[in-house]
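These notes concern the structure reproduced below.
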Amino acid sequence: RSLRRVLSEDEFQVAFEAALDCGLGDVVLADQPVAESGRRLAVAVARTVADALSPAGWRRIGDDGRLALSQLPAFGAAALDRRILAGTPLAVARYAYSSPAALPLA
């Protein structure tokens with residue numbers, strides 16, 4: 001790897017590559033405005049409530065649960081990937097440097 005790559009990579013890039021290496025091919029990293037996240041959360045909550053009120057919805061909830069459980073080993077492997085663990089101190093340092101107001105007071 002080049003020095004430029006080492007200096008410019010961030011935890012999102014490393015996490016993306018680790019997820020792909022662990023077999024999670026549908027990973028998407030994207031930034032979006034907070035308002036968009038709020039809108040998407042509201043839609044997800046509304047769909048979940050609707051699903052909880054119907055037998056077909058409970059089947060979808062079960063399908064989602066089974067899918068999540070099937071991906072758990074790959075997520076665990078990605079979380080314990082040596083590149084993620086090795087990059088954690090640098091990520092924390094970058095975060096603290098770029099956003100001192102986000103540091104806990106206590």
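Just so you know, these numbers use all the heavy atoms, side chains as well, and skip hydrogens, waters and symmetry mates.
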Would you give the length of the straight line joining atom CG of Leu80 to atom SG of Cys22, rounded to the nearest 0.5 angstrom? 9.0 Å
Are Arg60 and Asp63 within salt-bridge range, i.e. N to O under 4.0 Å? no
Pairwise distance OG1(Thr48) to CG(Leu41) - rounded to 0.5 angstrom: 9.0 Å
Show, in sequence, the C-alpha distance, side-chain angles and deciding distance for Glu17 and Asp81, and conclude whether the side-chain contact (heavy atoms from CB on, under 4.5 Å) test is met. CA-CA 10 Å; Glu17 291 170 0; Asp81 184 277; over 6 Å; no
Smallest separation among heavy atoms of Ser70 and Pro73, with atom names: O-CD, 3.6 Å
Minimum heavy-atom separation for Ala79 to Leu85, with atom names? O-CD2, 4.0 Å
Quick one: list whatever passes side chain to side chain donor-acceptor pair (under 3.5 Å) with Arg59, sequence neighbours left out. none
Distance check, rounded to the nearest 0.5 Å: Phe75 atom CZ versus Leu24 atom CG? 5.0 Å
